[in-house]
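The structure appears below as structure tokens.
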Amino acid sequence: MSEMTRRDFLAKSAACVAVGCLLGPGARRLLGSGINAAADLAVVRGPVPRANVQKAIELVGGISKFVRSGDIVVVKPNMAWDRLPEHGANTDPEVVAEIVRLCLEAGARKVRVFDRTCNEARRCYLRSGIQKAAEKEGAEVPFVMEQRFRTVSIPEGEEIKSWAFYRDALEGDVLINVPVLKSHSISGVTIGLKNMMGILGGDRGLLHHRFDKKIVDINTVVRPQLTVLDATRVLLRNGPQGGNVRDVQRMDTIVAGVDRVAVDAYGALLFGRDPTQMGFLVEASRRGLGKLDVKSLRVEEVTLSA
């Protein structure tokens with residue numbers, strides 16, 4: 001890991017302090033304090049992404065809470081951009097690889113990792129590092145095929161009543177959403193709810209008009225059992241594609257939880273944004289997709305050493 005600059009350290013520290021203040025002192029736990037029940041949200045910081053993932057999933061109940069023997073698991077990272085890991089535009093490959101390893105260790109029959117990319121798929125899969133890392137752990141990493149999209153009705157949709165979804169994402173036994181935390185020109189911040197655009201067909205640009213309602217419409221159809229937010233490298237500016245490492249800050253943080261709205265809300269706080277002022281999160285909470293107020297949840301925070 002490259003040495004953290006003083007500016008990055010101060011920025012990271014400020015973000016952590018801000019989150020702690022908003023959550024309240026009761027949310028913070030010391031390593032080794034004893035955990036009797038699964039946390040609503042797990043926040044793990046440390047220099048090793050795989051260790052952070054493993055601990056975060058342990059804190060929310062362990063992988064066996066989500067994956068059983070014989071399951072087909074879909075792991076949905078952000079793999080949309082022809083960028084290297086250090087650019088922060090895609091999910092960190094080591095984060096994805098560790099989730100794959102845990103799923104197969106829990107007895108999953110297959111783990112599939114895919115994304116409908118924005119740039120050319122082969123370059124995105126290769127340059128992100130995700131294809132190689134996930135396949136090394138035993139995952140299937142297929143390219144998305146247009147013929148495997150099917151139109152699905154959206155009964156709870158307020159703006160959209162149907163859309164094309166990728167069959168493999170809908171037909172798996174378990175869906176694990178693995179977004180990366182980064183800036184976005186439309187939503188301000190892109191986290192887990194928006195990461196579900198990677199399983200959509202059609203002209204996704206049409207979703208950008210009245211985005212807050214449309215992205216929630218989409219998320220009423222697909223419901224991940226677990227969300228693991230990658231805030232290892234955070235693209236602070238010029239997202240979603242980025243391309244300049246000077247726009248990236250290492251936070252070395254993983255946030256995991258069942259409540260996808262709460263995970264996104266916590267991610268927004270890490271990014272320095274107020275989740276109650278973010279339209280798509282307010283809309284998702286209004287429609288019952290999850291809790292916006294993370295102060296009401298049991299949040300376990302752990303810091304790991306190297």
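Every heavy atom of this structure was used, including side-chain atoms; hydrogens, water molecules and symmetry mates were not.
- Residues passing the side chain to side chain contact (heavy atoms under 4.5 Å, CB included) test with A231 are L181, V234, T253, L270, sequence neighbours excluded.
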Next on the checklist: Before you tell me yes or no, could you show the steps for L59 and R298 under side chain to side chain contact (heavy atoms under 4.5 Å, CB included), namely the whole-Å CA-CA distance, both residues' side-chain angles and the distance that decides it to 0.1 Å?
Outcome noted: CA-CA 11 Å; L59 290 171; R298 183 180 181 217; over 6 Å; no
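- Expressed to the nearest 0.5 Å, how far CD of Q131 lies from CE of M79 amounts to 7.5 Å.
- Residues passing the side chain to side chain contact (heavy atoms under 4.5 Å, CB included) test with C124, sequence neighbours excluded: D82, T117, N119.
- Atom CE of M278 sits about 9.5 Å away from atom CG of L193, to the nearest 0.5 Å.
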Item to check | Stepwise side chain to side chain contact (heavy atoms under 4.5 Å, CB included) test for T232 and M251 | outcome: CA-CA 5 Å; T232 303; M251 288 190 183; over 6 Å; no
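- D212 meets the side chain to side chain contact (heavy atoms under 4.5 Å, CB included) test with F280; sequence neighbours excluded.
- At least one side-chain heavy atom of V113 sits less than 4.5 Å from a side-chain heavy atom of P77.
- R233 is linked by a salt bridge (Lys or Arg N to Asp or Glu O under 4.0 Å) to D92, counting only residues two or more places apart in sequence or in another chain.
- Scanning for side-chain hydrogen bond (donor to acceptor under 3.5 Å, both in side chains) contacts around E86 gives an empty result, with sequence neighbours left out.
- Under the salt bridge (Lys or Arg N to Asp or Glu O under 4.0 Å) criterion, the residue pairs touching residues 274-285 are K213-E283, E283-R286, E283-R287, with sequence neighbours excluded.
- Using a 4.5 Å heavy-atom threshold, the side chains of V60 and V258 count as separate.
- When atom types are taken as modelled, the side chain of Q225 and the backbone of F66 share no donor-acceptor pair closer than 3.5 angstrom.
- Within the 3.5 Å criterion, the main-chain N or O of I154 finds no donor-acceptor partner in the side chain of K161.
- Residues V228 and I99 have side chains in contact (heavy-atom distance under 4.5 Å, counting atoms from C-beta outward).
- Considering only residues two or more places apart in sequence or on other chains, K76 meets the salt bridge (Lys or Arg N to Asp or Glu O under 4.0 Å) condition with D115.
- A donor-acceptor contact shorter than 3.5 Å is absent between the side chain of N78 and the backbone of P179.
- Partners of R223 under the salt bridge (Lys or Arg N to Asp or Glu O under 4.0 Å) rule, at least two apart in sequence or in another chain, are E156.
- With hydrogens and angles disregarded, a donor-acceptor distance shorter than 3.5 Å links the side chain of R237 to the backbone of R246.
- Here D173 contributes atom CG and K110 contributes atom NZ; the two are 11.5 Å apart, rounded to the nearest 0.5 Å.
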Checklist entry - Hey, mind stepping through L236 and F271 against side chain to side chain contact (heavy atoms under 4.5 Å, CB included) and telling me if it holds? => result CA-CA 8 Å; L236 300 176; F271 202 83; 4.1 Å; yes
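- Put simply, the side chain of N177 never gets that close to the backbone of P224: no donor and acceptor are under 3.5 Å apart.
- With sequence neighbours excluded, the residues forming a side chain to side chain contact (heavy atoms under 4.5 Å, CB included) with S296 are K291, D293, listed by chain and number.
- Applying the salt bridge (Lys or Arg N to Asp or Glu O under 4.0 Å) definition to pairs two or more places apart or across chains, those involving residues 189-210 are E159-R210.
- I254 places a side-chain heavy atom less than 4.5 Å from the side chain of D230.
- A donor-acceptor contact shorter than 3.5 Å is absent between the side chain of R83 and the backbone of G88.
- Evaluated for a salt bridge (Lys or Arg N to Asp or Glu O under 4.0 Å) with E137, the options R50, R101, K132 yield exactly one hit, R50.
- For S128, there are no side-chain hydrogen bond (donor to acceptor under 3.5 Å, both in side chains) partners two or more places apart in sequence or in a different chain.
- Between the side chain of D259 and the main chain of V261, a donor-acceptor pair closer than 3.5 Å is present.
- Taking CD1 of I218 as the reference point, atom CG of L200 lies at 4.5 Å (rounded to 0.5 Å).
- Checking side-chain atoms of D71 against main-chain N and O of V67 turns up no donor-acceptor pair under 3.5 Å.
- If you take CG on L235 and NZ on K182, they are separated by 7.0 Å, rounding to the nearest 0.5 Å.
- Both cation-pi conditions hold for R122 and F143: the charged atom is under 6.0 angstrom from the six-membered ring centre and inside a 45 degree cone around its axis.
- Taking OG of S64 as the start and CG of L102 as the end, the distance is 9.5 Å to the nearest 0.5 Å.
- Remark: the backbone N or O of L206 is not paired with any side-chain donor or acceptor of H209 at under 3.5 angstrom.
- Between N52 and R45 there is no side-chain heavy-atom pair separated by less than 4.5 Å.
- Each of I191, T227, L226, L229 was evaluated against R260; a single residue qualifies, T227, per the side-chain contact (heavy atoms from CB on, under 4.5 Å) test.
- Applying the side-chain hydrogen bond (donor to acceptor under 3.5 Å, both in side chains) test to every pair with at least one member in residues 143-152, sequence neighbours left out, gives these pairs: R148-D168.
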Next on the checklist: Run the side chain to side chain contact (heavy atoms under 4.5 Å, CB included) test on V152 and S162 for me, step by step, so that the C-alpha distance in whole Å, both residues' side-chain angles and the decisive distance to 0.1 Å come before the verdict.
Outcome noted: CA-CA 5 Å; V152 175; S162 66; over 6 Å; no
